[in-house]
Structures are given as structure tokens and as C-alpha cells.
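Residue numbers begin at 1 in each chain, while the letters A, B, ... track the order of the sequences.
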Number of protein chains: 2
Amino acid sequence: MPPPIGLDLSQTAKSVSRAFDRALAEAGGSLPVWLIMISLKTRSLGTQRELAEAIGIQGATLTHHLNSMESGGLITRRRDPANRRVHVVELTEPGELLFRRLADAAVAFDSRLRRGLAPGDLEALHALLARLRENVADDAPILNE
Amino acid sequence: MPPPIGLDLSQTAKSVSRAFDRALAEAGGSLPVWLIMISLKTRSLGTQRELAEAIGIQGATLTHHLNSMESGGLITRRRDPANRRVHVVELTEPGELLFRRLADAAVAFDSRLRRGLAPGDLEALHALLARLRENVADDAPILNE
DNA sequence: ATCTAATGATTAGATATCAAACGCTTTCAT
DNA sequence: ATGAAAGCGTTTGATATCTAATCATTAGAT
């Protein structure tokens, strides 16, 4: 009798996320802050809505994080002159500094997480997770194969 | 360049958990309520602390859930005469009824989640998740293999 | 016997997240 | 040109969770 897969998944994710958050906290950040920063740096940001979507939180929640990051001097927000509905979010110099520290912590954590896993294992895991996401996507929800 | 594994995991878990919670909500419950009930039914419960541990939440959080379940008539709490520190938690008749409905929903969801996954895939996933949990366990935290 | 430490559960306070409502800006149809 | 609809971000209110402090009970030591 295999264990219920959703349970297994969520408990594992909880453990891993908490450990990651602790690692980032030691470097002076947090998981949401890290996700926001790396999205700002790598992806070519469109709007805050897209940013929230990319990191898997709600727009309202993102606003809170940006508020504290702004008052902490990590980012600036200004209206885009071309489209005054959108806020352009940018890292300040202290923000860049923290980003580098968090990046180091994230890399270290990731290698710790991969211990004992072959490249093939990682690919397999990635594919399995993708399949699970598909299976709970809203379209064609029940339909038994 | 492989995607960061922790991210992949947590986003998937979030999607799956939310979908599961929606399914349980349609059956009149929620994820924590379901976890509490199934733990009460299957595992031989020791204390609330153990119960909380088993379902991966904090004792204080469990208290809140038990409060609402009790006022909703799903469970009863009484002091154990043998050790008056512990609360003996038991399902009421309406509680048993809801349990059965949630069990149906959970089974349906699980089969939906397993669509397109061979038994070998499930075993592999289980093993990979276990490995990840090990890798973030507090003992021997950094040590590169 | 009594004092101290440990244990089980609850309560209080803080934080994080979400959903819904709102305000401003832009787009588009007429 | 103007009015309706949609888009973007923020605010508000509710919920869930955690940590720390507290109350009551039990176990252990002297």
C-alpha cells in the first residue's frame, strides 16, 4: 500500500522550505525576499502581477513584501512614465549587496539538497513534479486516464 | 542548467495542496481537518503533541483546529483520568460521517493525482522525496557527500 | 513530604497569506 | 470625445500559522 502521494509531497515541501528559509534568514533575508530579488534580476520583469505570478504568491501579498523591502532600503518603486499604472521596481545598491549574499546561501543550500542524487534522479524528479502539476490543473480535472 | 530543485518542489506542493484543499472543501472539510481525522482513526493516538507532530503542525495550531471542530460537533475532548494532563480526543457520530465523506474525496483526489504515473514512478518519487527530507534534516547539515 | 523539573495543553501576540473591494489609469467602442 | 470596460496596484478584513508565555499536572529528587 503506497502512501498518499499528496501528503508525502506537502510534508517534504514544508521541511525543505523551512530549512531553506532558515538558511536565507542567516544570510539576512527570507524566502519571499529571495524569490522577488532573483525574479527582478533574471527575468525581464513586466508588471507586479506577473512578478507575483512567477513566484507563486498573490498580488496583495507581494505589495506587503515590497513595502517592507522599500522601507528597508532594498528597492525603489516609481511609476512608469509610459504607463502610469505600473510600478517599476528596482534594486538599490544595498539591495544588490543582499542579493549577492542570498545567492551564495541559495547555491550552498541547493548543493546540500542535491546530495546523493544523480543527474538522472534530478531530471526524473523534475518530470514527476511537472506531471503532478498537470494532474491538478483546472482543465480536465477528473477524467480517469 | 537544471532548475533549482527546492523551488520546483515548493511550487508543486503549493498547487497540489490547494487543489486538495478545494476538493475537501467541496466535501465539507479542509486539509487540516482531514489530517486530524485520519490520524485519529488510523494511528493509535498518544497525545495532542504527537498528533500535531504526525500531521506536521504546531501544538498551538492543533488546539485552534480542535476548538472549531469541537464547537462544530465533530469531536469531543475529555481529560484522561489516568493522566489528567492529556486530552482524549474522539470523533462524534457526525464526525464519523464527515470522515467517510472526506475519505471518498481524498481517494478520488489521489487517483486523479496518480494519473499517468506507473507504480515504479510512484516508488521513485517516494524515494526521492525521502532523500530530500534527509538532506535537510538538522544532523550533518553541510558536509559535501 | 515537599520542592523542582518536566510534560501536556491552552492562550496571547505577531506574522504571513489570501480574497474582495477600491482608486487611478489606459484602452476601446461608439 | 466620451463613456464603459479592463488593467495595475493598494488597502481592508479575515484566516491560518508560528513562537513564547502560562496554567495545570505528573515525575523525580532530597
Touch check for [X], heavy atoms < 4.0 angstrom, all strands: base, sugar-phosphate only, or nothing?
| X | value |
| --- | --- |
| B:Thr63 | base |
| A:Gln58 | sugar-phosphate |
| A:His65 | sugar-phosphate |
| B:Ile57 | sugar-phosphate |

Strictly below 4.0 Å: does [X] bring a side-chain N or O up to OP1 or OP2 of [N]?
| X | N | answer |
| --- | --- | --- |
| A:Arg77 | D:dT10 | yes |
| A:Gln48 | D:dT10 | yes |
| A:Thr61 | C:dC18 | yes |
| B:Thr47 | C:dT7 | no |
| A:His87 | D:dT10 | yes |
| B:Arg18 | C:dA19 | yes |

Salt-bridge test for [X] and [Y]: reply yes if a basic N is under 4.0 Å from a carboxylate O, no otherwise.
| X | Y | result |
| --- | --- | --- |
| B:Asp8 | A:Arg133 | yes |
| A:Arg43 | A:Glu53 | no |
| A:Arg100 | A:Asp104 | no |

Practice task
Answer yes or no: does atom CZ of B:Arg84 have more than 12 heavy-atom neighbours from other residues, nucleotides or ligands under 6.0 Å?
Solution key: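 Result for CZ/B:Arg84: open.
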Problem - Hydrophobic cluster membership, A:Leu40 vs A:Val86, 4.5 Å side-chain cutoff - result: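 No; tracing contacts between hydrophobic side chains, which count when under 4.5 Å, never links both residues.
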Practice task
Treating Ile, Leu, Val, Met, Phe, Trp and Tyr as nodes and any side-chain heavy-atom pair under 4.5 angstrom as an edge, say whether B:Leu7 and A:Ile38 lie in one connected cluster.
Solution key: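 Yes, one cluster joins them.
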Practice task
Apply the test side chain to side chain contact (heavy atoms under 4.5 Å, CB included) to residues B:Leu125 and A:Leu132: give CA-CA distance (whole Å), side-chain angles for both, the deciding distance (0.1 Å), then the verdict.
Solution key: CA-CA 11 Å; B:Leu125 179 58; A:Leu132 294 182; 3.9 Å; yes
Check the distance between [N]'s [atom2] and [X]'s [atom1] and give it to me in whole angstrom.
| X | N | atom1 | atom2 | answer |
| --- | --- | --- | --- | --- |
| A:Glu53 | C:dC18 | CD | P | 12 Å |
| A:Asp80 | C:dT25 | CG | P | 14 Å |
| A:Asn83 | D:dG7 | CG | C1' | 9 Å |

Protein-nucleotides 21-24 of chain C N/O pairs under 3.5 Å:
none

Exercise for the section: Determine which nucleotide pairs with D:dT30, using a 3.5 Å limit on both distances of a Watson-Crick or G-U wobble pair. Expected result: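 Across any shown strand, D:dT30 pairs with C:dA1.
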